[in-house]
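Below, chain A is the first sequence line, B the second, and so on; all start at residue 1.
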There are 2 protein chains.
Amino acid sequence: MDIEKAIAALNNPIRRKILEWLKDRSNFPPALPEHADLEGVCVGYIQEKAQLSQSTVSNYMGLLKQAGFVVAERHGQWTFYRRDEDNIRSFLAAVQKELLTQ
Amino acid sequence: MDIEKAIAALNNPIRRKILEWLKDRSNFPPALPEHADLEGVCVGYIQEKAQLSQSTVSNYMGLLKQAGFVVAERHGQWTFYRRDEDNIRSFLAAVQKELLTQ
DNA sequence: TCCATAAATCGAGATATTTCGATTTATGGA
DNA sequence: TCCATAAATCGAAATATCTCGATTTATGGA
């Protein structure tokens, strides 16, 4: 977990919102039946919710992935993104360690 | 504590370093005798350590202050900056609340 | 094979941040 | 009052980020 990239990724209100939305699948339209077993949300749904262009959202998801906040899983033509809870926790621990005295 | 400004202020390695240095007064040269009773470090000492121009460091300290990470106290021609531990903790709590599920 | 759809990548203009040196403001001392 | 010092502010150049539309790549279905 690169704290530099992670903070840069968080330095944008929509990217932070996306991380929040991804906490709960029901923030997005229901998955297609053939994707019912998959965790994660496809880029199109995130784009729709974020109200930004497809390329911007794809870029954002790439930044969040590089930062370690999400993982991507490709299924056919779809890429499903979901939060990486372990990495999120370890980022928070690292920031705490850096910011807190003792 | 404005989480937006706070993350922006942290989105710079030298500003994060300054926050770390300020954990311990002994990271800087000893205070002048007439300032011995004061907490905090003057801009000149921080500048020397950061190896950046005076105006840049003054600007950085202003950003850290607006973000709530430090407080400034003027004494004569000197401005002494020190960490605002309470605010730092409440920032960490806010980020945790935003990033963590439940 | 050809087409449609999803997502990634590219290129560019607009905007924001970084960082500087120069100037200004505030203060204290001779 | 005049000068020296500390810090803040200003203006600008260099660099980075944001965001888009257009294009490319990957995949699946007819």
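Note: CD (E4(A)) to P (dA16(D)) measures 13 Å, nearest angstrom.
Scanning atom types as modelled, no donor and acceptor separated by under 3.5 angstrom connect the side chain of Q54(B) and the base of dA6(D). Scanning atom types as modelled, no donor and acceptor separated by under 3.5 angstrom connect the side chain of S53(A) and the base of dG21(D).
Using a 4.0 Å cut-off, no side-chain N or O of S58(B) falls inside it from OP1 or OP2 of dA7(D). Between S55(A) and dC20(D) there is no side-chain N or O to OP1 or OP2 distance below 4.0 Å.
Nucleotide dG29(D) is matched to dC2(C) when pairs are restricted to Watson-Crick or G-U wobble geometry with both distances under 3.5 angstrom. Base pairing of dA14(D): its partner is dT17(C), meeting the Watson-Crick or G-U wobble criterion (both donor-acceptor distances under 3.5 Å).
Side-chain atoms of T56(A) and S53(A) form a donor-acceptor pair, as typed in the model, at a separation below 3.5 Å.
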Using the side chain to side chain contact (heavy atoms under 4.5 Å, CB included) rule, take K49(A) and N27(A) through it: C-alpha gap first, then chi angles, then the decisive distance, then the call. CA-CA 9 Å; K49(A) 185 118 179 155; N27(A) 284 308; 4.1 Å; yes

Quick one, E4(A) with R16(B), criterion salt bridge (charged side-chain N to carboxylate O under 4.0 Å, His left out). Give me CA distance, side-chain angles, the key distance, then yes/no. CA-CA 10 Å; E4(A) 193 65 35; R16(B) 290 204 306 279; 2.6 Å; yes

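For the pair R74(A) and N12(A), both in contact range of DNA chain D, the more 5′-proximal nearest nucleotide belongs to N12(A). When each of L63(B) and G44(A) is assigned the nucleotide of DNA chain C with its nearest heavy atom, G44(A) is the one assigned upstream, toward the 5' end. Between W78(A) and N59(A), the residue anchored nearer the 5' end of DNA chain C, judged by the nucleotide with its closest heavy atom, is W78(A).
For the pair S58(A) (side chain) and S55(A) (backbone), a donor-acceptor distance under 3.5 Å is absent.
If you check every strand for non-hydrogen atoms under 4.0 Å, T79(B) touches sugar and phosphate atoms only. Contact annotation for Y81(B): backbone-only contact, meaning every heavy-atom pair under 4.0 Å involves sugar-phosphate atoms and none involves a base.
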